[in-house]
Amino acid sequence: MKNEMISHIGIAVRNLEDGITRYALLTGNQKPFITEVPDQKVKVAMFSPGDENNSGSRIELLAPTSSESPIAKFLDKRGEGLHHICIYVDDIEKKLEELKKSGAKLIDKTPRIGAEGNKVAFIHPTSSNGVLVELEQWRSHS
Ligand code: ZN
């Protein structure tokens with residue numbers, strides 16, 4: 001098990017380059033991990049606390065690559081700001097099953113692969129007290 005609860009906090013931004021400039025200064029990390037998630041139509045910049053990507057709790061900037069992106073819709077409705085928090089789980093399939101049994105509303109009924117190559121799934125904010133929650137299963141390095 002990963003000895004941390006928060007994987008990362010997701011922040012919706014209109015302009016990724018502008019966001020990177022600001023968060024490079026805020027976090028002291030000048031070289032965020034940048035990637036694109038085509039199925040979500042987003043470009044992502046991930047700020048890790050250390051040199052190694054994907055380690056420690058991170059800040060994820062999300063910018064839409066299309067007006068069809070869920071992030072574009074979020075920005076239209078709410079503007080820039082906090083989009084989701086991501087919580088580590090040991091076994092994502094098991095957790096989704098437990099949540100389903102509890103009556104929680106799941107956005108992803110089965111996990112998909114997130115920006116960093118781990119299994120992730122989103123829970124509807126109505127089932128997590130108004131916060132969009134992403135679950136992430138840390139891949140085993142063994
Ligand atoms: Zn995320």
Side-chain angles (χ1 to χ4, degrees), residues 1-100 102-141:
M1 173 174 190
K2 211 155 185 326
N3 192 25
E4 281 177 78
M5 188 170 282
I6 303 296
S7 159
H8 62 270
I9 291 170
I11 298 171
V13 301
R14 291 189 197 281
N15 181 305
L16 195 66
E17 297 315 312
D18 176 60
I20 287 171
T21 304
R22 289 164 191 263
Y23 277 82
L25 178 62
L26 279 166
T27 63
N29 181 340
Q30 306 297 322
K31 286 198 176 80
F33 168 68
I34 297 169
T35 188
E36 210 171 314
V37 186
D39 71 325
Q40 291 295 299
K41 301 184 175 69
V42 290
K43 211 168 166 192
V44 165
M46 194 68 91
F47 289 83
S48 299
D51 292 338
E52 198 194 331
N53 282 320
N54 302 354
S55 71
S57 56
R58 304 176 294 289
I59 292 177
E60 175 183 48
L61 304 182
L62 304 127
T65 56
S66 144
S67 58
E68 297 302 301
S69 166
I71 295 297
K73 286 170 189 147
F74 178 91
L75 287 167
D76 283 347
K77 240 167 70 187
R78 315 257 301 260
E80 291 190 308
L82 193 57
H83 180 259
H84 66 275
I85 64 167
C86 181
I87 297 173
Y88 282 126
V89 293
D90 285 338
D91 182 337
I92 197 164
E93 273 94 0
K94 194 172 145 214
K95 184 57 73 184
L96 288 173
E97 203 49 51
E98 284 172 14
L99 286 165
K100 214 179 292 169
S102 81
K105 196 172 162 193
L106 308 179
I107 294 173
D108 297 306
K109 288 177 179 57
T110 52
R112 51 196 173 76
I113 301 302
E116 298 174 305
N118 293 329
K119 283 183 183 175
V120 301
F122 280 92
I123 312 305
H124 197 276
T126 54
S127 293
S128 36
N129 302 74
V131 178
L132 177 61
V133 169
E134 178 182 13
L135 303 176
E136 177 174 2
Q137 180 177 309
W138 187 254
R139 63 186 179 283
S140 129
H141 290 287

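As the structure is a computational prediction, the values presented were derived from the model and not from experiment. In each ligand, atom 1 is the first atom listed, and ligand 1 is the first ligand listed. Positions are given from 1, in the same order as the sequence printed here.
- Under a 4.0 Å N-O distance rule, the pair Glu97/Lys94 does not qualify as a salt bridge.
- The Zn ion (ligand 1) has no N, O or S atom of His83 under 2.8 Å away, backbone or side chain.
- Under the 4.0 Å criterion applied to side-chain N and carboxylate O atoms, Arg22 and Glu80 are not assigned as salt-bridge partners.
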### Task
Would you check, one step at a time, whether the test side-chain hydrogen bond (donor to acceptor under 3.5 Å, both in side chains) holds for Glu60 with His84?
CA-CA 9 Å; Glu60 175 183 48; His84 66 275; 3.0 Å; yes
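- Within 6.0 Å of OH in Tyr23 there are 12 or fewer heavy atoms belonging to other residues, nucleotides or ligands.
- Atoms NE2 of His8 and OE1 of Glu134, as seen from the Zn ion (ligand 1), are separated by an angle of 90°, to the nearest 10°.
- Taking the N/O/S atoms of Glu60 in turn, the shortest distance to the Zn ion (ligand 1) belongs to OE1.
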